[in-house]
Number of protein chains: 2
Amino acid sequence: MPQASGETPVVHIVDDDDSQRFGLDSLLRSVGLAARTYGSTQEFLKADRLDGPGCIVLDVRLPGTSGLDFQEELATLGIRLPVVLMTGHGDIPMSVRAMKAGAVDFLPKPFREQDMIDAVTAAINRDRLQRANENQAIAIVDRHATLSPREREVMALVTAGKMNKQIAAELGLSEVTVKIHRGAAMRKMGARSLADLVRMADALKDRAR
Amino acid sequence: MPQASGETPVVHIVDDDDSQRFGLDSLLRSVGLAARTYGSTQEFLKADRLDGPGCIVLDVRLPGTSGLDFQEELATLGIRLPVVLMTGHGDIPMSVRAMKAGAVDFLPKPFREQDMIDAVTAAINRDRLQRANENQAIAIVDRHATLSPREREVMALVTAGKMNKQIAAELGLSEVTVKIHRGAAMRKMGARSLADLVRMADALKDRAR
DNA sequence: GATCACATCACACGTTGGTATGAGGTGTGG
DNA sequence: CCACACCTCATACCAACGTGTGATGTGATC
């Protein structure tokens, strides 16, 4: 495993104001956090390692896309890093919109250094939890992808609580065949009990929401 | 069933300013919503029917407890009605705090009437969803409460994926006894399959969070 | 002291689940 | 054309599950 969970979280700072950016950078580094800075959203998107653990500190007022719009765009792009927003000219509706969109915090400038540190820490913690859940889910999805169509079908009915006999009737199969698919599904999914398989099936449904 | 899901949602308006309160009341009634008004948090808490469907519209500046503190107090009191906050003298940190605490919306005064209607509608929808989930969960908890200690114990191990034989060894019982408790648990919980029981067990764990 | 819920177990029986052996068919890709 | 994955099934066997009968013992409640 090259970079499992031991990877250091990175704080991505997106702000077009150079001095603000550098100030934030040194603040976060002073408390032992790894930071990267970007002068625009475009620059940020061109960077690699956006799939690693961490969070984003985003200025609302940016050239081109606003921070708020960009926050919503991130979801579309599949980037699920938690976002901390900051602004010098914000109002209440703006902060409410950001929080509704899932922001971890929304800090008006000037903010106290400790407030920013707390917000970033909370964001990184949220990311850690998200990531742990996501990793499990992905493992399950991957294994599920190795199932043959029939195996998937049988697994669905098994985890819906039906008996082999019922499944056989429903699919127009003999009971033996159902048992074979059922066994294969258990093996491929790595389920050591029916309870296991049921929970995996539920996890799959959640991801499909 | 006297008042199942067909009950009309009620908007509870808590504001110490008489004219504001009455204005809101008539606004909401004009769009066909049932509203009740309270001049203080105390008055609100003395009211009955707080367990019915609906939401709360809460002014931040109130005599005694502030709207924000009261919002957090509601959770302690077991009142889970969604909250819409409003204020004439708010700032960003205040709105962020409210949203973090789970507020549906935070409206600075003066607000557009449509914004309030939208917020209240969203709050009522959230309540409807919450309530549907909660009702199912409560039914499961109630049934689980009718289990004997042994039955609960066996149910936990069964839904953990263990075999009767293993459970028997773990609890120092014979396999027959385990089967009896298992059967009783299935019957009392109303589970028609093991998959059912597993999901109920998971729902119980979620409620215990 | 009778009643009742709870808990325990032996024995027996039938059902359901899981796997192996052996065998046949289809379709795809090298 | 052959290998391979997939899908199908019969037969057989063993393990696990579920239930019923009958019995014993405890503690709480009335």
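Chain A is the first sequence line, chain B the second, and so forth, proteins listed ahead of strands; every chain is numbered from 1.
- The residue among B:Val176 and B:Thr146 whose nearest nucleotide of DNA chain C is located toward the 5' end is B:Thr146.
- In the set D:dC17, C:dC6, D:dC6, D:dC6 carries the atom at the smallest distance from any side-chain atom of A:Pro149.
- Using a 4.0 Å cut-off between charged side-chain N and carboxylate O, B:Arg97 and B:Glu72 make a salt bridge.
- Spacing between atom CE of B:Met163 and atom P of D:dA16 amounts to 5 Å, rounded to whole angstrom units.
- Atom CG in B:Leu194 sits about 13 Å away from atom C1' in D:dG18, given to the nearest Å.
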- Query: Can you check salt bridge (Lys or Arg N to Asp or Glu O under 4.0 Å) on B:Arg150 and B:Glu153, steps first, answer last?
  - Reply: CA-CA 5 Å; B:Arg150 265 305 199 216; B:Glu153 213 167 356; 3.0 Å; yes
- Trace of the side-chain contact (heavy atoms from CB on, under 4.5 Å) decision for B:Val96 with B:Phe106: CA-CA 9 Å; B:Val96 170; B:Phe106 189 100; over 6 Å; no
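- OP1 or OP2 of D:dT8 has at least one side-chain nitrogen or oxygen of A:His181 nearer than 4.0 Å.
- Comparing D:dT8, C:dT8, C:dG18 against the side chain of A:Arg150 picks out D:dT8 as the nearest.
- Atom pair B:Arg187:CZ and D:dG18:C1' shows a separation of 11 Å (rounding to whole Å applied).
- A distance-only check finds a donor-acceptor pair linking the side chain of A:Glu151 to the backbone of A:Ser148 [under 3.5 Å].
- Between B:Leu58 and B:Met86, the closest side-chain pair of non-hydrogen atoms is not below 4.5 Å.
- Atom NZ in B:Lys179 sits about 15 Å away from atom C1' in C:dT8, given to the nearest Å.
- For A:Ser174, taking side-chain heavy atoms from C-beta onward, the closest of the listed nucleotides D:dC9, C:dT16, C:dC6 is D:dC9.
- Atom C1' of nucleotide C:dT16 and atom CZ of B:Arg182 are separated by 12 Å, given to the nearest angstrom.
- In terms of phosphate contacts, B:Asn164 brings a side-chain nitrogen or oxygen within less than 4.0 Å of OP1 or OP2 of D:dC17.
- Residue A:Glu175 contributes atom CD, which lies 14 Å from atom C1' of D:dT11 at whole-angstrom precision.
- Distances from the side chain of A:Ile180 to the nucleotides D:dC9, C:dC6, D:dA16 place D:dC9 closest.
- Between A:Ala184 and A:Lys165, the residue anchored closer to the 5' end of DNA chain C is A:Lys165, taking for each the nucleotide with the nearest heavy atom.
- Closest to the B:Ser148 side chain, of the nucleotides D:dC9, C:dC6, C:dG17, is C:dC6.
- Atom pair B:Gln166:CD and D:dC17:C1' shows a separation of 14 Å (rounding to whole Å applied).
- Mapping B:Gly183 and A:Gly172 onto DNA chain D via the closest heavy atom, the residue that lands nearer the 5' end is A:Gly172.
- Atom CG of B:Leu171 is separated from atom P of C:dA7 by 11 Å (rounded to the nearest Å).
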